[in-house]
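Here's the structure, in structure tokens; my notes come after.
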Amino acid sequence: EGYVVIASQYRGNAGSEGKEEFGGKDVNDVTILTDVLKEIEGANTAKIGMYGWSRGGMMTYIALTKSSNIKAAVVGGAITDNFESIKDRPEMETGVLSELIPNYADNKEAELIKRSAIKWADKFPKDVPILMLHGNSDWRVKPAQSLKLALEFEKYRIPYRLIMFEGGDHGISEHKNEVDIQVLNWFNKYLKTNNPIPNMEYHGR
């Protein structure tokens, strides 16, 4: 499709050095990629998109508040509220969050807030359009997480498009082809063809 695609293994995974933090210092393993791209011949570092799913969607949300190099983003089945994740799936706290987040027991609320975009939607850039994809039969990350964040985006006039896929599971596997088309169309629109940022002011007749 004419894109350079780059990804990193999060620290502490698959034999890589460092310690996993599930949305902590490992976010740097994502944001640093915009610098690594400068070493790749033919990569246009003025037009970078970010694509993350589930935990990767959470990482994308955090990265958008820490990097000014991203011009468009797509997230799928993204975690937006870890407090809700714990309510829906208590094993997320015992098996993931408490295991991977440093000093979790002492700083639980603060650390969960850092990883929950619903708590800081006002921090998102207003010039990065975000495509949100979610299956409404997703039990791993309930679709309400994306719906509620979309309402926060409304409040702060963050440019976004939310697509809920009927009967879609966590990977929206039932609509795989349509998902791929939507992702490519979004990046083509805002990276390849230089479409202007949507006008988020209330307007029209």
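Keep in mind the model is a prediction, meaning the values are calculated, not measured. Residue indices begin at 1 and follow the sequence shown. Atoms considered below: every heavy atom in the structure, side chains included; atoms not considered: hydrogens, waters and symmetry mates.
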Under 3.5 Å, sequence neighbours excluded: what are the donor-acceptor pairs made by side chains of residues 36-44?
{"residue": "Lys38", "atom": "NZ", "partner": "Asp35", "partner atom": "OD1", "Å": "3.3"}
{"residue": "Asn44", "atom": "OD1", "partner": "Ala46", "partner atom": "N", "Å": "3.0"}

In a table with atom names and distances, give each donor-acceptor pair under 3.5 Å that connects a side chain of residues 61-71 to protein atoms at least two apart or in another chain.
{"residue": "Thr65", "atom": "OG1", "partner": "Ile62", "partner atom": "O", "Å": "2.7"}
{"residue": "Ser67", "atom": "OG", "partner": "Asn69", "partner atom": "N", "Å": "3.1"}
{"residue": "Asn69", "atom": "ND2", "partner": "Thr34", "partner atom": "OG1", "Å": "3.2"}

Can you give the donor-acceptor pairs under 3.5 Å from side chains of residues 175-185 to other protein atoms, not counting sequence neighbours?
{"residue": "His175", "atom": "NE2", "partner": "Glu166", "partner atom": "O", "Å": "2.9"}
{"residue": "Asn185", "atom": "ND2", "partner": "Ile181", "partner atom": "O", "Å": "3.4"}

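Placement of Trp186 and Phe124 in two distinct hydrophobic clusters is found when ILVMFWY residues are connected by side-chain heavy-atom separations under 4.5 Å, directly or transitively. Under the 4.5 Å side-chain heavy-atom criterion for Ile, Leu, Val, Met, Phe, Trp and Tyr, Tyr156 and Ile113 are members of the same hydrophobic cluster. Taken together through direct or relayed side-chain contacts under 4.5 Å among Ile, Leu, Val, Met, Phe, Trp and Tyr, Val30 and Leu100 form part of one hydrophobic cluster. Residues Tyr51 and Leu162 do not share a hydrophobic cluster, defined by chaining ILVMFWY side chains whose heavy atoms lie under 4.5 Å apart. Note on Met50 and Met59: same hydrophobic cluster, where clusters join Ile, Leu, Val, Met, Phe, Trp and Tyr whose side-chain heavy atoms are under 4.5 Å apart, directly or indirectly.
A search for ring-ring contact (aromatic ring centres under 6.0 Å, His included) contacts involving Trp139 returns nothing, not counting sequence neighbours. Every side-chain hydrogen bond (donor to acceptor under 3.5 Å, both in side chains) that Asp138 has, sequence neighbours left out, goes to His134, His170. Listed by chain and residue number, nothing satisfies the salt bridge (Lys or Arg N to Asp or Glu O under 4.0 Å) test with Asp169 (two or more places apart in sequence, or in another chain). Scanning for salt bridge (Lys or Arg N to Asp or Glu O under 4.0 Å) contacts around Lys189 gives an empty result, with sequence neighbours left out. Lys148 meets the salt bridge (Lys or Arg N to Asp or Glu O under 4.0 Å) test with no other residue; sequence neighbours excluded. Remark: Glu84 engages Lys87 in a salt bridge (Lys or Arg N to Asp or Glu O under 4.0 Å) (not counting sequence neighbours).
Under the 4.5 Å side-chain criterion, counting only non-hydrogen atoms from C-beta, Phe165 is not in contact with Glu174. The shortest distance between side-chain heavy atoms of Trp53 and Val141 does not fall below 4.5 Å. Side chains of Tyr3 and Leu191 form a contact here, defined as non-hydrogen atoms less than 4.5 Å apart. For the pair Glu99/Phe22, no side-chain contact is recorded, criterion being any heavy-atom separation below 4.5 Å from C-beta on.
Without hydrogens or angle criteria, Ser146 side chain to Leu133 main chain gives no donor-acceptor distance under 3.5 Å. A donor-acceptor contact shorter than 3.5 Å is absent between the side chain of Gln145 and the backbone of Ile79. At distances below 3.5 Å, not a single donor-acceptor pair connects side-chain atoms of Thr80 with backbone N or O atoms of Ala117. Using a distance-only test at 3.5 Å, with no hydrogens or angles considered, a donor-acceptor pair links the side chain of Asp26 to the main chain of Gly23.
Here Tyr104 contributes atom OH and Glu21 contributes atom CD; the two are 14.5 Å apart, rounded to the nearest 0.5 Å. One finds the CG atom of Leu33 at 7.5 Å from the OG1 atom of Thr31 (value rounded to the nearest 0.5 Å).
Screening residues 109-118 for salt bridge (Lys or Arg N to Asp or Glu O under 4.0 Å) gives Glu111-Lys114, Glu111-Arg115 as the qualifying pairs, with residues at least two apart or on separate chains. Identified under the salt bridge (Lys or Arg N to Asp or Glu O under 4.0 Å) test for residues 150-160, with sequence neighbours left out: Glu152-Lys155, Glu154-Arg157. Sorted by first and then second residue, the salt bridge (Lys or Arg N to Asp or Glu O under 4.0 Å) pairs involving residues 6-19 (not counting sequence neighbours) are Arg11-Asp29.
Shortest non-hydrogen contact noted between Ile197 and Pro159 is CG2-CG, 4.4 Å. The two atoms that bring Gly49 and Phe187 nearest to each other are CA-CE2, 3.7 Å, heavy atoms only. Across all their heavy atoms, Asn82 and Ser116 have their closest contact at N-OG, 2.9 Å. In this structure, Tyr10 and Gly56 approach most closely via the heavy-atom pair OH-CA, 3.8 Å. When every heavy atom of Arg89 is checked against every heavy atom of Arg140, the shortest pair comes out as CD-O, 3.2 Å.
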* Give the C-alpha distance, both sets of side-chain angles, the deciding distance and a yes or no for side-chain contact (heavy atoms from CB on, under 4.5 Å) between Lys108 and Leu97. => CA-CA 9 Å; Lys108 175 178 174 176; Leu97 302 171; over 6 Å; no

